[in-house]
2 protein chains.
Amino acid sequence: MDRLMQSIKMDINEKLYVKDPESSTLGKKIVEQGILLIYEIGFECFTFKKLGARIGSNESSIYRYFENKHKFLLYLASWYWGWTEYKLVFATHSISDRNEKLKKALEILAQTVEEDKSFTHVNEVVLNKIVISEYSKSYLTKEVDNENKEGYFTIYKRLVDRLSEMIAAVDPEYPYPLSLSSMVMEGTLHQFFLQEHFPALTSCNDKVTPAEYFVDLIFRTLKTKPNG
Amino acid sequence: MDRLMQSIKMDINEKLYVKDPESSTLGKKIVEQGILLIYEIGFECFTFKKLGARIGSNESSIYRYFENKHKFLLYLASWYWGWTEYKLVFATHSISDRNEKLKKALEILAQTVEEDKSFTHVNEVVLNKIVISEYSKSYLTKEVDNENKEGYFTIYKRLVDRLSEMIAAVDPEYPYPLSLSSMVMEGTLHQFFLQEHFPALTSCNDKVTPAEYFVDLIFRTLKTKPNG
DNA sequence: ATAATATGATAGTAATACTATTAGTTTTGC
DNA sequence: GCAAAACTAATAGTATTACTATCATATTAT
């Protein structure tokens, strides 16, 4: 990635914040340290008060950026999926072979995240860990349907759609491309989680990555055709 | 199921409750109405105070059965997975054909839940909906590792293991039976959730059930051999 | 009939998830 | 260089949550 993305700004739904955190030092600090704090103490124990104390700022100041911690999580998730989408598009764009393209996409989606120096205030490695253990909580709520209408999950949905299209391109006869795609997106996070907390429930380990498992699974499932 | 299970009691980890809710009328009422209340207002908004008000009882009385709502959720989940395990074992026990056995197992795990009159105080249909939208929250916490050690997820893990064994029986060469199994268990809940809240992200609908999708997926993935 | 147990009612605490107000500090526009 | 505008910090306050403790009352067991 390197410098390529330095001038790019994530296109995040404006309703997710009160004031754009990218617009000030304090805002960036909130995002930067918020990620670390959620990672350290978990989303349930995370409060704006604690974050304020950590960054030597005030609870009320944070409320001027985010309505509440739920919106903050949605914001971080959007950031993460926007970043992932960028990586996906960038890496697959120039691949014309449909099978190779899908394989690459799966690898991007299921790979272990590495640090990206393009965004100084976001630690992508830690953000990825948050997404693994907290993302589900952002949609498993009574407000999903409304928040979905508000477009809070747009980027994620677009990703599922992109992958689904690549699946359909490889095997247009396959009847369930959307389910396969959404299963990969969710299943990837789940396999990473199991690897860390329930190793007895996954075949992934030091030697087998979720990416390998999913690439194998998808290509067993689809009937690939030669490109033409 | 019918009467068969009327004398059977779920074998739930004793540390999940302070006093066994099966041992009294109030206890059963807590479970029965707790399920309905969580379904109605969601786990985040659910409190013992509200449940007390609903059953015409007192907050403090409920605390005599469950330490907190998190343990209550773990209890309900254990009940659900115990019930599912029973159905699974019962339905597959007598099937000798390995392929048929696995197919049946997948159907049990991914089928839409129907009412079971065996347990009068538990509405399995509603409990299934709770599991779909709340189960992940029971393990996506900072305390997972400890709670796992305490055995709070034993039944679920046993189920993943059972399915994994059936997968391995069908195709002993398949390298990732555990991941496939845990993916099915989690993916099933997820596909049901998507069907309800993000229909654009799933191929499941009125005509295609998650069970069909997963049966198809697993049998595309595995190399089946004739039994012998 | 008495003791033991279960439940109910009330009160109290610390923390959470905010909102409102005010005051001070920086930034900017001219 | 100065005033206005914007931003941040500090404090206080509210309703709710997630409990714990105590005591009274009701039920059941012996």
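Letters A, B, ... are given to chains in the order of the sequence lines, protein chains preceding strands, and every chain is numbered from 1.
Of the candidate nucleotides C/dT7, C/dC18, C/dA9, C/dT7 has the atom nearest to the side chain of B/S61. Proximity note for B/S24 (side chain, C-beta onward) versus C/dC18, D/dA9, C/dT7: the nearest is C/dT7. In this structure, the nucleotide among C/dA17, D/dA18, D/dA21 sitting nearest to the side chain of A/T47 is C/dA17. For B/R64, the side-chain atoms get nearest to C/dA9 when compared with the rest of C/dA9, C/dT16, D/dA9. In the set C/dC18, C/dA6, D/dT8, the nucleotide with an atom closest to the side chain of B/K19 is C/dA6.
Rounded to whole Å, the distance from CG on B/N68 to C1' on C/dA15 is 15 Å. Protein atom CD1 of B/I41 is 13 Å distant from nucleotide atom C1' of D/dT16, rounded to whole Å. If you take CZ of B/F72 and P of D/dA18, they are 14 Å apart, rounded to a whole angstrom. In this structure, A/Y63 atom OH and D/dG13 atom C1' are separated by 14 Å, rounded to whole Å. Distance, A/K49 NZ to C/dA14 P: 13 Å, rounded to whole Å. Rounded to whole Å, the distance from CZ on A/F46 to C1' on C/dT16 is 13 Å. Distance B/L73 CG to D/dA18 C1': 16 Å, rounded to the nearest Å. Here C/dA17 presents its P atom at 16 Å from CG of A/N58, a figure rounded to the nearest Å.
Among the heavy atoms of the strands lying under 4.0 Å from A/K69 are primed sugar atoms or P, OP1, OP2 only; no base atom is included. The residue A/E59 sits close to a base: some heavy atom pair falls under 4.0 Å. Residue-level contact check: A/F48 touches neither bases nor backbone, having no heavy atom under 4.0 Å from any strand. Using a 4.0 Å heavy-atom cutoff across all strands shown, A/S57 reaches sugar-phosphate atoms only and no base atom. If you check every strand for non-hydrogen atoms under 4.0 Å, A/F66 touches nothing.
Between B/K137 and B/E44 there is a salt bridge, since at least one side-chain N of the basic residue sits less than 4.0 Å from a carboxylate O of the acidic one. The pair B/E124-B/K87 does not count as a salt bridge, with every side-chain nitrogen at least 4.0 angstrom from each carboxylate oxygen.
The shortest distance between the side-chain N/O atoms of B/K50 and the OP1/OP2 oxygens of D/dT16 is not below 4.0 Å.
Of the residues listed (A/F192, A/Y80, A/W81, A/W79), the one engaging A/Y135 in a ring pair (Phe, Tyr, Trp, His ring centres under 6.0 Å) is A/W81, and it is the only one.
Checking B/Y65 against A/H70, the closest nucleotide of DNA chain C that is more toward the 5' end is the one next to B/Y65.
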- Item | Verdict with reasoning, A/E107 to A/K104, per side chain to side chain contact (heavy atoms under 4.5 Å, CB included) | CA-CA 5 Å; A/E107 281 163 358; A/K104 189 74 196 174; 4.2 Å; yes

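Formation of a donor-acceptor pair under 3.5 Å by the A/E134 side chain with backbone atoms of A/F43 is found in this model.
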